[in-house]
Q: 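Below is the structure I would like to discuss, written out as structure tokens.
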Number of protein chains: 2
Amino acid sequence: MGTLESGATLESVAAAAGVSRQTVSNVLNAPERVAPQTRQRVQEAIESLRYRPNRSARSLRTRTSRLLGYCVQPAPEGAINPVLDRFVHALTESAADHGFHVLLFTAPPGAAGLDRYAELLAQRAVDGFVLSDTVVADPRPVWLTEQGVPFVAFGRSWSGPDHGRWVDVDGAAGIVEAVEHVHALGHRRVAFIGWPEGSGVGDDRLAGYLAACSRLGLTPLVERDEGGVEQGRAIAGALLDDPEPPTALVCVSDLSAYGALRAVAERGLRPGADVAVVGFDDTPAARLPGVELTSVSQPIEEVGRDAVHMLLGALGVVEPPPGPADHRLLRPTLVVRASTAISPEG
Amino acid sequence: MGTLESGATLESVAAAAGVSRQTVSNVLNAPERVAPQTRQRVQEAIESLRYRPNRSARSLRTRTSRLLGYCVQPAPEGAINPVLDRFVHALTESAADHGFHVLLFTAPPGAAGLDRYAELLAQRAVDGFVLSDTVVADPRPVWLTEQGVPFVAFGRSWSGPDHGRWVDVDGAAGIVEAVEHVHALGHRRVAFIGWPEGSGVGDDRLAGYLAACSRLGLTPLVERDEGGVEQGRAIAGALLDDPEPPTALVCVSDLSAYGALRAVAERGLRPGADVAVVGFDDTPAARLPGVELTSVSQPIEEVGRDAVHMLLGALGVVEPPPGPADHRLLRPTLVVRASTAISPEG
DNA sequence: AGATCCGATTTGAACGATCAAAACATGCTA
DNA sequence: TAGCATGTTTTGATCGTTCAAATCGGATCT
């Protein structure tokens, strides 16, 4: 056996330091109540016995678990989701700064999945939830609010009033930046390839496009599709085959943009030189040589950090950060690559 | 407030059913001990009060947490890691089948990170660990074995004897399949782009290449680099510029393969038609139109499932599945796409 | 009838921490 | 010096579950 003499309890530490249970507990949870001299003695005992408070015992007594629940959704088929990884990592790291951990679970989408949330609550397994992949009319924020459960969502509730706290990325602002970027390069016929109406995220990005066009005096040209690579390719192809085709294609997602890049190449045109293409999400493939897609990049790490801070603030664990307590909207940044490198001729 | 009258305890259920604490507990943990009639009555009470046992209390008493620790590593810069997502999801889902959950934490790589593992153990926060991203001379399996802590690793320990349980993918077999595939298409000059010697995973895949060459009577041609896209591009370029260039490039990873594809295209050659390219990992970008990279795909979900089953077996929670108890080697599959579509001429 | 056994159920103790209140010093004031 | 406020430490109870042993009621055996 190793060095892990897992047996130290409050009581054994107290005995070693010649004090009582509660004094040891106070050294850990309210050091200012303990006389400096005693404190030191206790800390040495803790150190030498390698004592760590038993999480279950603490949880039982305090009725808090110091765990944050996060539901991992099955990755959508064929989708490139670079987000989950980084987001989960950011959550975990920020939580660790305050003695919290992330507990993963799965649940079917929609109202059917609420049972899993309820179960974890009934078991007192988590103190709150982090939601992601929120959709229009997502039942979770409403339900959690009703139940009085602390939570924070990555993504606004696009339908109806806000429920609870959220952090989100300002997609409209990201697209505005994209349009301004190609406009500055000299592009004047800038098309937008979007998602069908009704997806909050897609509508937000479209709104950014329309706002930018209006501000810059461009004529909006919007096409919509389901968002896959093949759909993007078809839509972009149709646009490019127009007698007066757009010279820049701003896409609602990288997936559409990859399709658009393909459509451009298939017509003997050079992305970046002849036609500018911009995506959204800065997926890993965007930086591959031969792709080099300019894309709007979401500050995922920051989203994760803010989400945890807001949630811990709601739990009363940390001082809530300055600013509005119930939401936070972060600016994405445009990562410029070869797909928008050169100004168009004419 | 909502429907979550979070107050049901064993005691309150017992009162509602007109039995004692322990009988309710038995209905949940050892139903065969309870008379059918009583059992039914208790179950109705549980149902109507929506009772769920308090996890902390159970953990405290039984000294098990029903949590599996998993360390999320910071995603390596620029790397396309499609694996983590799916793996974590598979872990979570398999664990849920047995009332377990996954607890995430972070730790610095190497021996420095062992403290975090020790801390979780001292807190009795987890019952065991799932390791991934194991490296040569990884200190974790050795240490955990010394401590007598149940764990399972995704990845063999490449140096020295095995410590503990592991699940891994047979990289050599995957590459053998890749070489056989291009050989069947008619390719006879098949090169391998590998990693520097000393990485267990890379050496394994190289061994597969060498074995296949030997069996098929091909002359091995091995080049090595650090594994990035740009390096792959340079190496592949050098190979293709040879007076008698290879017609097939089998790569140790998709990243190298993307570079190789680029090098092929830059020379006016058509991937799949003129030069076959095979990658490893079947990263999301492989299926993009214009890329369509043939690649060896790892059965990640199966790895996750087996890992959980082995670990729960070690914990005595489930019957260990048939087969060797301490390791499992899974076969990857070759996903054929356009990059190896057509036979070479000549 | 009394002893014995057996399955079903209950009781007391324990897991290891924190809360709330009591006890104990110590110094200051009147 | 008694009385009181203040600061430090200890004691008893409690969180909700499971373990181990005790109890209970009925059937079986001698």
Q: Contact class for S59(B) vs. all strands (heavy atom < 4.0 Å): base, sugar-phosphate, or nothing?
A: nothing

Q: When you look at CD of E32(A), are more than 12 heavy atoms from neighbouring residues, nucleotides or ligands closer to it than 6.0 Å?
A: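 Yes - once you tally the heavy atoms of other residues, nucleotides and ligands closer than 6.0 Å, there are more than 12.
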
Q: Classify T9(A) by what it touches in the nucleic acid, base, sugar-phosphate, or nothing, heavy-atom distance under 4.0 Å.
A: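 Sugar-phosphate, backbone atoms only, no base.
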
Q: Please report the distance, rounded to the nearest Å, between CD in Q22(B) and P in dA8(C).
A: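 Q22(B) atom CD is separated from dA8(C) atom P by 15 Å.
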
Q: Where do R328(B) and D306(B) come nearest, in terms of heavy atoms and distance?
A: CD-OD2, 3.3 Å

Q: Whole angstrom is fine here: how far is it from CG in L28(A) over to C1' in dT9(D)?
A: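 Taking atom C1' of dT9(D) as the reference, CG of L28(A) is at 16 Å.
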
Q: Just the rounded figure in Å: distance from P of dA8(C) to CZ of R41(B).
A: 14 Å

Q: Starting from P on dC15(D), measure out to CZ on R61(A) and report it in whole angstrom.
A: 7 Å

Q: Check every atom of dG16(C), dT9(C), dT11(D) against the side chain of T23(B) and return the nucleotide holding the closest atom.
A: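 Given the options dG16(C), dT9(C), dT11(D), the side chain of T23(B) is closest to dT9(C).
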
Q: In whole Å, what is the span from the CD atom of E11(A) to the P atom of dT10(D)?
A: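 Rounding to the nearest Å, CD of E11(A) and P of dT10(D) are 11 Å apart.
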
Q: State whether the distance check finds a donor on one side and an acceptor on the other, under 3.5 Å, for side chain R58(B) versus base dT18(D).
A: no

Q: Of the listed nucleotides (dT18(C), dT10(D), dC19(D)), which one gets closest to any side-chain atom of S20(A)?
A: dT10(D)

Q: Set out, in order, the CA-CA distance, both residues' side-chain angles and the distance that settles side chain to side chain donor-acceptor pair (under 3.5 Å) for E44(B) and Q40(B), then state yes or no.
A: CA-CA 6 Å; E44(B) 279 163 13; Q40(B) 166 126 22; 3.1 Å; yes

Q: Where the side chain of R63(B) is concerned, which of dG16(D), dT11(C), dG16(C) is the nearest nucleotide?
A: dG16(C)

Q: Can you tell me the distance, in whole Å, between the CG atom of L10(B) and the P atom of dT11(C)?
A: 14 Å

Q: Assign each of R39(B) and A57(B) to its nearest nucleotide of DNA chain C by heavy atoms, then name whichever residue's nucleotide is nearer the 5' end.
A: R39(B)

Q: Remember a base hit wins even if backbone is also touched, and classify T62(A) as base, sugar-phosphate or nothing at under 4.0 Å, heavy atoms.
A: sugar-phosphate

Q: Counting distance alone, no hydrogens or angles: does the base of dA8(C) have a donor or acceptor under 3.5 Å from a partner atom on the side chain of R33(B)?
A: no

Q: Within this structure, what is the CZ-to-P distance between R55(B) and dT18(D), rounded to whole angstrom?
A: 12 Å

Q: Any idea how F154(A) and F87(A) line up, ring-wise: parallel (<30°), tilted (30 to 60°), or perpendicular (>60°)?
A: tilted

Q: Does the side chain to side chain donor-acceptor pair (under 3.5 Å) test come out yes or no for Y51(A) and S12(A), once each step is laid out?
A: CA-CA 9 Å; Y51(A) 168 74; S12(A) 67; over 6 Å; no

Q: Checking contacts here: which listed nucleotide (dG12(C), dT11(D), dC15(D)) is nearest the side-chain heavy atoms of R21(B)?
A: dG12(C)

Q: With heavy atoms under 4.0 Å as the rule, sort T38(A) into base, sugar-phosphate or nothing.
A: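 If one applies the 4.0 Å heavy-atom cut-off, T38(A) turns out to touch the sugar-phosphate alone, with no base involved.
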
Q: Specify the residue among L60(B) and N26(A) whose closest nucleotide of DNA chain D lies further upstream toward the 5′ end.
A: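 Nearer the 5' end of the strand: N26(A).
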
Q: Under the criterion ring pair (Phe, Tyr, Trp, His ring centres under 6.0 Å), which of Y70(A), Y117(A), F151(A) is the partner of F129(A)?
A: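 Output: one option passes, namely Y117(A).
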
Q: State whether N54(A) places a side-chain N or O below 4.0 Å from either non-bridging phosphate oxygen (OP1 or OP2) of dC15(C).
A: no

Q: For Y51(A) and dG16(C), what is the distance between atoms OH and P respectively, to the nearest whole Å?
A: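 Taking OH of Y51(A) and P of dG16(C), I get 10 Å after rounding.
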
